[in-house]
Every structure is written in structure tokens, then in C-alpha cells.
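Have a look at the structure below, then the notes.
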Amino acid sequence: MEKQSTEAKSPQPSVLNCIDLSNPYTNQNVILLKQACTDSGFFYIINHGRSHDFMDEVFAQSKKLFTLPLDQKMKLLRNEKHRGYTPLLDELLDPQNQVVGDYKEGYYVGVEVTEDDPESQKPFYGPNVWPAPDVLPRWKETIEKFQQEALDVGKAVARLIALALDLDASFFDKPEILGEPIAITRLLHYEDKISDPSQGVYGAGAHTDYGLITLLATDDVPGLQICKDRDAKPQIWEDVAPLKGAFIVNLGDMLERWSNCVFK
């Protein structure tokens with residue numbers, strides 16, 4: 001379970017396993033990953049082959065979108081296919097503890113499927129919502145490239161997960177799983193508002209993700225917190241430090257179910 005909550009009094013730091021995708025000894029990575037998946041469901045991915053320069057460009061393009069005037073962003077409002085802009089306070093992840101929505105705005109991009117393609121009739125498949133090229137030059141090209149690059153990293157992680165579950169490494173590459181994925185890229189911008197749990201105010205409320213895995217690329221601003229045991233009373237929250245160039249990976253509800261709750 002995770003939340004975005006930069007509080008005045010910070011919890012203890014979390015120590016997460018680091019999976020190096022350039023490591024030729026696959027079995028070492030599988031052991032580290034399996035330990036992380038049974039312990040907390042969170043780990044770092046490093047040396048994944050995406051350059052610092054490219055990741056910096058993705059963050060720069062993301063910032064350009066969020067610095068647009070609100071009226072321009074609202075023209076790109078999220079549609080029924082979950083593509084486009086989500087305004088500040090639009091989402092409420094933890095209604096039991098939050099009095100207002102998350103102090104973040106976001107932008108959804110999915111796998112591109114044209115309207116005349118029969119696949120576009122499926123939930124989560126369809127054309128994306130893109131800013132006009134004269135408003136944000138190179139924005140679409142950068143984010144589309146990031147979408148594919150992140151998916152490639154996700155597939156590499158999934159192969160290690162398959163091995164950690166004593167499955168064939170290509171298990172998740174099947175057409176019905178990651179061969180035709182519902183892969184969502186989400187850009188996020190958090191307001192400069194300090195979370196105040198006593199008032200029910202959070203950057204993002206406590207939640208678990210619902211899919212297979214999430215790859216989280218971060219800048220150098222801390223704020224992510226995780227709870228390794230959601231049933232503990234009281235819950236213990238730990239800070240996760242940003243790591244330059246790394247992805248922070250967390251497992252989703254679907255993988256927990258598929259592993260018969262062996263993986264968290």
C-alpha cells in the first residue's frame with residue numbers, strides 16, 4: 001500500500017531491494033525480486049537502458065503540460081476511455097481518511113488504437129487525447145516513446161516475476177497478457193501543499209494499485225510512503241527515497257491474486 005504524504009514529522013526510511021537489469025546473473029535478480037515481492041511488493045529497478053537525458057526530457061515535457069493555463073488543460077479533459085487530463089482534487093483514493101481529493105493533477109495516455117479499429121470498442125482501448133503540436137511541440141512524440149520504453153522495461157520485469165513464480169520466463173509475454181497490454185502512462189504533478197493527515201489532506205491518499213505492476217519514475221522530490229503490512233494496527237508507514245534514473249516498482253492487486261497472495 002502506498003500514499004503521497006510529505007508530512008512535517010517524517011516516518012522511518014524504507015530499505016528496498018535493488019534489481020539491476022544489466023546483471024548477467026539472472027538468478028541473483030530473481031532471488032532479490034522474490035524476496036521483495038513476498039516482503040512488501042516494492043523494489044527499485046536500475047540500469048534499465050533508458051538514459052538520464054531521455055528521462056529528463058520526459059519530465060521536462062510533463063512540466064510543460066502542467067504549466068499550461070487551466071483553461072487549456074481543461075480542453076484536454078479525460079474522456080470515457082480514461083485518456084487525457086485529470087484536474088486537481090479530481091481523485092479521492094482514501095475516502096475514509098481524506099476530506100478532499102488528492103492534491104495532484106494528472107494526464108492519462110494509453111496504447112493508441114484508432115477509432116476505426118474494432119479493438120477501439122473494448123474498454124481502455126481507443127485514440128489518445130493529445131495537446132496540439134503548436135501548443136506543445138514534440139510532446140506527443142516524447143510521451144509515445146516513453147510509453148513504449150516503459151512497456152519494454154515492464155516486460156523485462158515481468159520475465160523476472162515469472163521466474164520467481166517458477167513459471168516459464170515468457171509466461172507474461174502471451175498475447176492475452178502483455179502481448180496486447182492495457183498499458184497506461186500517467187503523468188503526475190503534485191501541488192506544493194504539505195500533507196496534513198490530522199486534517200485529512202494528502203497529495204495522494206493511501207491505496208493499492210489494481211493492475212499487474214506499476215513502474216514509477218520520480219524526480220528528486222521525496223514524498224512517497226509505503227506500508228508493508230496494511231493489516232497492522234497501527235499501520236507503519238515508511239519513506240521511499242527517490243533514486244536518480246531508477247524506477248520504483250510496486251505490485252498491483254491483480255498479481256497478488258494471481259500468485260494466491262504469495263506476492264504482496
Report task. Indicate yes or no: does Glu112 engage Lys140 in a salt bridge with an N to O separation below 4.0 Å. Result -> no
Requested in this report: Using a strict cut-off of less than 4.0 Å between a Lys/Arg side-chain nitrogen and an Asp/Glu carboxylate oxygen, indicate whether Asp173 and Arg159 qualify as a salt bridge.
Outcome: yes
Taking all non-hydrogen atoms of both residues into account, name the closest pair between [X] and [Y] and its distance.
{"X": "Ala183", "Y": "Gln147", "result": "O-NE2, 3.1 Å"}
{"X": "Thr38", "Y": "Val262", "result": "CG2-O, 3.6 Å"}
{"X": "Asn47", "Y": "Leu21", "result": "O-CB, 3.6 Å"}
{"X": "Gln98", "Y": "Leu92", "result": "CB-CD1, 3.5 Å"}
{"X": "Glu256", "Y": "Phe263", "result": "CG-O, 3.2 Å"}
{"X": "Leu165", "Y": "Ser259", "result": "CD2-CB, 3.9 Å"}

Under a 4.5 Å cut-off applied to non-hydrogen side-chain atoms, are [X] and [Y] in contact?
{"X": "Leu93", "Y": "Lys104", "result": "yes"}
{"X": "Leu160", "Y": "Thr26", "result": "yes"}
{"X": "Thr218", "Y": "Leu224", "result": "no"}
{"X": "Ile161", "Y": "Leu33", "result": "yes"}
{"X": "Leu216", "Y": "Phe247", "result": "no"}
{"X": "Leu163", "Y": "Lys34", "result": "no"}
{"X": "Leu243", "Y": "Cys18", "result": "yes"}
{"X": "Arg50", "Y": "Asp152", "result": "yes"}

Query raised in the report: In terms of the angle between their ring planes, are His82 and Phe124 parallel, tilted or perpendicular, with boundaries placed at 30° and 60°?
Result: parallel
Report whether [X] and [Y] are members of the same hydrophobic cluster (ILVMFWY, side-chain heavy atoms less than 4.5 Å apart, transitive linking).
{"X": "Val30", "Y": "Leu251", "result": "yes"}
{"X": "Leu70", "Y": "Leu77", "result": "yes"}
{"X": "Leu188", "Y": "Leu65", "result": "no"}
{"X": "Ile31", "Y": "Ile45", "result": "no"}
{"X": "Ile143", "Y": "Tyr107", "result": "yes"}

**Report entry** CG/Leu167: more than 12 non-hydrogen atoms of other groups inside 6.0 Å
**Finding:** yes
Report task. Dump the intermediate steps for side chain to side chain donor-acceptor pair (under 3.5 Å) on Asp53 and Ser51, then the final yes or no. Result -> CA-CA 5 Å; Asp53 287 346; Ser51 71; 5.4 Å; no
About how many Å separate [atom2] of [Y] and [atom1] of [X], when rounded to the nearest 0.5 Å?
{"X": "Phe146", "Y": "Leu151", "atom1": "CZ", "atom2": "CG", "result": "11.0 Å"}
{"X": "Asp209", "Y": "Asp253", "atom1": "CG", "atom2": "CG", "result": "7.5 Å"}
{"X": "Asp117", "Y": "Tyr125", "atom1": "CG", "atom2": "OH", "result": "10.5 Å"}
{"X": "Tyr85", "Y": "Gln72", "atom1": "OH", "atom2": "CD", "result": "12.0 Å"}
{"X": "His189", "Y": "Leu88", "atom1": "NE2", "atom2": "CG", "result": "9.0 Å"}
{"X": "Leu215", "Y": "Thr185", "atom1": "CG", "atom2": "OG1", "result": "9.5 Å"}

Query raised in the report: Where do Val109 and Trp130 land on the side chain to side chain contact (heavy atoms under 4.5 Å, CB included) test, with the steps shown first?
Result: CA-CA 9 Å; Val109 176; Trp130 298 111; 3.6 Å; yes
Requested in this report: For a salt bridge (Lys or Arg N to Asp or Glu O under 4.0 Å) with Lys244, tell me which candidate from Asp56, Asp219, Asp220 qualifies.
Outcome: Asp56
**Report entry** Flag for Gln61-Glu57: side-chain donor and acceptor within less than 3.5 Å
**Finding:** yes
Query - Arg186 and Thr86: side chain donor to acceptor below 3.5 Å - result: yes
Any donor and acceptor pair, going by atom type alone, linking the side chain of [X] with main-chain N or O of [Y] inside 3.5 Å?
{"X": "Asn250", "Y": "Gly41", "value": "no"}
{"X": "Asp94", "Y": "His207", "value": "no"}
{"X": "Ser40", "Y": "Lys228", "value": "no"}

Query - Aromatic centroids of Phe171 and Trp258 separated by under 6.0 Å - result: no
**Report entry** Geometric cation-pi criterion, Arg83 with Tyr108: 6.0 Å, 45°
**Finding:** no
